[in-house]
Structure formats: C-alpha cells, structure tokens
Amino acid sequence: MILTVHDVAILSDFRYPGGNSAAIAAEVRAQAGAGLRTALVHVPSPHNRDGLPFSPRIAELIRDGLAELATPDGVTHARLLVIRQPRIFTEDLAVVPRVRAGHTVMVLNQAPGDAGNPTRYYDFDEVRDRVEVYFGPAVEWAPISPQIRGRLPGLAADDWHEIIDVAQWQAGDRTRGEVPVIGRHGRADPVKWPRTADDLLQAYPDRPDLRVRVLGGGEIAIRLLGRRPANWDVVPFGAEQPADFLRTIDFFVYFHDPDLVEAFGRTILEAMAAGVPAIIGEHFRPIFGDAALYTTPAGVEPLVRDLWADPERYRRVAGRARDFVAGRYGVASHLARLAERGAGARPAAHSAPASARHGVSPARPRPVLMLSDNGAGLGHLSRLMAIGRRLPERHPAVIATQSYGASVARREGFLTEYLPSRTVLGMARQRWSGFLRSRLEHLVDLHRPAVVAVDSVPHDGIVAAAAARPDVTWVWVRRPMWRRGTGAEWIAKRAAFDGILEPGEFAADADEGPTVPDRAGVHTVQPILLLDRADLAAPGAARAALGLDADRPAALLQLGAGNINDIASPVGRIAEHLREAGFQVLLAESMIATEPMPAAPGARVVKLYPISRYLRGLDLVISASGYNSFHELLAFGVPAVFVPNRATSLDDQVARARFAAAAGAALCVEDPESGELDRVLAEAVRPEVRERLARRCAEIDLGNGAEAAARWLAGLAAENVRSGA
C-alpha cells in the first residue's frame, strides 16, 4: 500500500464565505509555492446551514491542484494539522475525521464572544474539551491576534497571525481620480458596521465631492440609514474580486459595532498589501502598528481630505503599509512557523518553478489517467482498477475518482487523485462543469498522461477538458446494456473521444439500449473483472476471512449501494428464509455507504473490498445484477439469485438478470415484494439446484477482458508517446 503523508492538513468548514476561507487560501498558496503538499479536511460547522457550497476560494485551490480534498472515509496523514474555526466544535461531531499528525495547532481565529456576551459564539472550555478528545491532549492553542490572546488563558507563546503574498495584491501606480474614493469590502454582517446612522455617515460621508464604494454588506448600511446616499456605489458580495475592487478605491475605511471583538482584520491586511491607506479604529494598533492610520468615525473625513491634498505623503503612507505587511505578515513568516513545527519546506522546492515542482520529468513513463464516475457504488472505479493493475510499468495508472472510493483505490496501491463531486462541493451544475474541466486540465498538465480513460458518462466538463487538451488520447470506457430509450444525449457526445472501449456483456443478446447501433469503431473485449480466478482465496481461507463456520452453508446478500434501501423490507425475509434453511447469512455493506444498513436479524454485516476475493467461501449469493457483481458471480461459478435494481438511470439490470435466468446460469427475482421471492429462495437453497447453476456457469467460461483492455490502452499510449504529443 502507498501511504501519502501530506506536509500540512487544514481542517475547517470550507463553506465560510469570508476571512476564514481567505486565510486558508493564502496559507495553501504559500505552501504550494514552497513545494509543500496540503490536504483539506472538511468538517461541517453546526452554524452553517445545510446546502451551502464551498467558498469559491477553496474550490479554486482544489481545481488548480494546490490542495487535495481529503476523502470523507479515509485516514489523512500529515506532518502538521492546522484546525481553524472553533465554532465547529460547539457541538459533538457526527463524524470525527481521521487525521494522523505529528503536531496539531488549533487556530483561534474568532473571539468567544463580544462585550455584551463573552460566550456568544462559543464556550472556550467546551471547545477545548472536544478538540482534545478528538485530536489528543497535545494540541497547541494559538490565537490569531493579541485581541484573542487577551481573552483566553493557556495559549501558545506566538500568534498564528494571518499572512498575505503582497506580490499578488500590488496594483502598481494608482490612477488618481477627480475626487477621493472611500471604500470597504467584506461579508454581510450587521456587527461589521457602525451601530448608529450618525457614526455610519461620519465614516462613509454623504458628500458630493467624495465617493463611497462598498463591496458586500452595503444593504445593511442602507437599511440602517433608511436610504441609499447618492454618492454610494454598492456592489454585492462576490460580484468583484477583492484585489480588483481595491484598485478602484483610494482609502480603505473600516469601522464596526463597538461591541464586536474583531479577531484580526483580514480585509485591512489586503488593503494595505494593495497599497491603499487604511483608516481604522485605535483598537487595531497592536496588529498593524504605525502602518495604518487611526481615528474615530468623526475623524475620517478630515484625514481623507488632508492626505488627498498631499500626494507625496499619500505615497509614503501607502508604501510604509506595504512594507510593514510584507515584513510581518508575508509568506516567509508562515513558512518559518511551519518549519518550527516539523512541516518545513523541502530543500529543493524554494527555487524550483511551479512546472518543475508539479510536473513530470521528461524521462518518466507516460501514465494512463483513469477517470471514474461518481456513483452510489464502486463499479466504475473497479473496472478502471481492473485495467490499471494490468498496465505495463511504462504506462502506469493514475486514478482520478469523484467517488468516496478514492481511499479504496489508494489501499489497492494506485496513485490517486480525488475529484470531489458536485454534491460534495454544493455547486450548481454549470459551475461544477467549469470546475471539473479546470481540474481535469490541471491533472493532465500535472501527470502528462499519454491517454485519459473515462469510465463515466461524458459530462460537459469532461468534453470541454478533452477539447482543451487535444494532444492527449481520450478514451471512453463505455459499459453496454443501457436501458432502452435512455442516454441518447450521452451517445451524441462520443465525438469528444478518440476511441471507445466497451467491456463485454454476457447478456448482450438481450441488449436493446442505445449503445447497440453505435458500435462502429468501438473496441470490444471480454467482460472486465477486477480479479482472475487465480486471485481468489481458497474456500477454507475465504471462510476464515469472512468469519464463517466450516460445517454450515453460507449465503451473502449484496444488493447494491443504490438498491438495498429500496428493498429494505424484503431483506429481513431473505435473511430469515436462509437461516431457516440452515445458512449462515452475511450482508455486504458498500465500502462507501453513507446510510445505515437495513435491519436483517441474524445477518452479520461485512465490509470487505473486493468481496469477490472471498466468493469461493460462499454457497449462495443474493445479488443485484449490476455489471461487476453479475459477471463476477457467473465467471467464478457461484450460485446466485439476482434481484435487479430498477432505480438505476442507465443500467438495464432487469434484462441482464432475466437473460442469466433464461440461460440457466442463475435464478432471478424481479419483484422482491411478491410471493416470487419465497418460491425462488426455496429453490435456491437446494444443494442440487446450486450444483446445477455452478455447472452451467463453468460451461459458459466468460474469461476476463481486463488484460486485453490494458494492452489496447498501452498501445494507444505508446503511439501517443512516439508521436511526440
């Protein structure tokens, strides 16, 4: 097994829209620039509503390959774990992330409360207790600023302050307009604004010879005033990038509710880095020293007019602020604190350009990048791994999967890239298509594959990525046996691919789907199986691995990740019938199950991958008729009762199960709610019936097309390499 150890893992709720995500993005970019590898561990906060998408800043990091999103069911290993946002731990976590780190820092980037209620946001003692239960007692508690330090006991000696790459924010010489422009940006929150209308208009005056620009939260100020001043330009949060917005203002003015304890002031830092003088309250002086300008709301207008009248002084103030930010809060300060905690930059990384850090040596073999669809099960991924494990060393497999099965692929020894699904990121379809395209383009640029093999329907993002990287050979691994009348929109996109690889189908004669008339130029192989017969455990070893008694027959229920809850009520009947016939009963749980298994008294749940390795230890399998399990059971001669999943969008499991029953190779129950179930089970438990099914499967002798598929892809890869693409 290949163990990936990240330099830094950052744990947070990545849906926060404001400073939390901006700070994480800055640290990740600094780490990537130093050649460090970052994992992002998402933990939902109870204070964020369900359905919120990831912050665009975070999605960008994942898309561009600067950080990897940890798989929800995997173990993340890192030299340093950085936890942000204490409010995540105001309640017990539903699922505790599994992170193994050499050192852990809890960054307190928000005060527990404000002047009116010291525990309005969280109780520090409760948060500390939970964090130490989850991650151990040796956690370093680091405040983000002196403001937080002064309110809590027992904190680290140094602040875990915000950082910024000044070079990314500098706008060059600013164009001076006819009148000064006062501005501010930030998320919409009433406490981020002065409490009274008088203070608000003093800080952001309604004057014809001044302009005010607000990015985010302007509607709050307008409600407080009861009107929108004529000189105000109010822009919705997210409508402009902060760096672009800061190029349009001359003074950054930030005043808030007097009860708010502002933890740091990320937006102030950004303004100073962009060369915009910051006018703020005196309480920020411990953070920004003499680099900012301090006053009250009443002092804003005189200070603006004085500085506007003296352009040379304005330039000195802006330059002093930039130098201060670069020196105290620049990237170097962050890399230094990482090194102190065992996550220092690798020696060769500092001077290497990004292409050298992330690229592949020209002498390195060109891999086959294999993209697996996101689905309820592991079928797509298993087919790709079946091919990938048989590819030659000169064209190794790199698996990019949208499924939670990324951790499964890693355990199987593959170099794996995790592609979070649209559901995980909470993105609208169109935005996710853009994300998928950008992420795939990055993976192509990163790994320099000769071939990209896609076991998925051709989503728009995949099609766009294929068009954008025409020097790579794109292959669609397209399973047959689609339901009649479905999928025409996907078939129409076949032109996006240079070739189509179709795994064989035992029930091909019953296939009435849209792939049948679309076989011109399609390369076909025998049914693709993850394992060969020689890979299966011997009966005794299989029974031991499954925890079965040697002297009683055993049955396995594997009804599919998308099927088992749809037929939950018959599961208990099936298990009871089998137990009454003297069978030991196992219930296979999906490796990526997110829902609890339905009740089946007397049936023991097993969670093994691949379960097919242990089929010789079983006397009967009750199974859905998905592509993989169907062909494995027939190929390995295991007596089976197929219960087709009717809820699949494309896969015609009903026709597949009917064909196997008609061929005498299996039994079939189309309606598990009917009396048909009891009749078929009564037949299946009879030894002579099971022997007949096993003999028929042996006569069929399906074979395994995975080796042939691997040879074909390797041939395409060799042609691509020789062509110099």
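For the numbers below, each heavy atom of this structure counts, side chains included, while hydrogens, waters and symmetry mates do not.
Note on ring orientation: taking the six-membered ring where Trp is involved, the planes of His523 and Trp712 are parallel (angle under 30°, cut-offs 30° and 60°). Relative ring orientation between Phe642 and Phe630 is described as tilted, the plane-to-plane angle lying within the 30° to 60° band.
A 4.5 Å side-chain heavy-atom check between Arg431 and Arg422 finds every atom pair outside the cut-off. Glu632 places none of its side-chain heavy atoms less than 4.5 Å from the side chain of Pro610. A heavy-atom distance below 4.5 Å is not found between the side chains of Leu378 and Met385.
When all heavy atoms of Val463 and Ala496 are compared, the pair lying nearest together is CG1-CB, 3.9 Å. The two residues Leu66 and Thr38 have their closest heavy-atom pair at O-CB, 4.3 Å. A pairwise comparison of heavy atoms in Thr515 and Pro480 identifies OG1-CA, 4.0 Å as the closest pair.
Here Arg437 pairs with Glu441 in a salt bridge; the nearest charged N to carboxylate O distance falls below 4.0 Å. The pair Asp460-Lys493 meets the salt-bridge criterion, with a side-chain N (NZ, NE, NH1 or NH2) lying under 4.0 Å from an Asp/Glu carboxylate O. Under a 4.0 Å N-O distance rule, the pair Arg479/Glu505 does not qualify as a salt bridge. Ion pairing of Arg389 with Asp532 is absent here, as no side-chain N (NZ or NE/NH1/NH2) approaches a carboxylate O to less than 4.0 Å.
With His631 contributing its side chain and Phe506 its backbone, the two residues share a donor-acceptor pair below 3.5 Å. Within the 3.5 Å criterion, the main-chain N or O of Ser625 finds a donor-acceptor partner in the side chain of Gln653. With Arg37 contributing its side chain and Glu68 its backbone, the two residues share no donor-acceptor pair below 3.5 Å. A distance-only check finds no donor-acceptor pair linking the side chain of Arg656 to the backbone of Asp652 [under 3.5 Å]. Put simply, the side chain of Asn645 never gets that close to the backbone of Ala624: no donor and acceptor are under 3.5 Å apart. Checked by atom type and distance alone, the side chain of Arg366 never pairs as donor or acceptor with a backbone atom of His395 at under 3.5 Å. At least one donor-acceptor pair closer than 3.5 Å links the side chain of Arg573 to the backbone N or O of Pro672. Side chain of Arg696 to backbone of Ala663: a donor-acceptor contact under 3.5 angstrom is found.
Within a 6.0 Å sphere centred on CD of Gln430, heavy atoms belonging to other residues, nucleotides or ligands number 12 at most.
Residues that satisfy the side chain to side chain donor-acceptor pair (under 3.5 Å) test with Ser382, not counting sequence neighbours, are Tyr609. Residues forming a side chain to side chain donor-acceptor pair (under 3.5 Å) with Arg383 (at least two apart in sequence, or on another chain): His380, Asp455, Asn628. With sequence neighbours excluded, no residue satisfies side chain to side chain donor-acceptor pair (under 3.5 Å) with Ser612.
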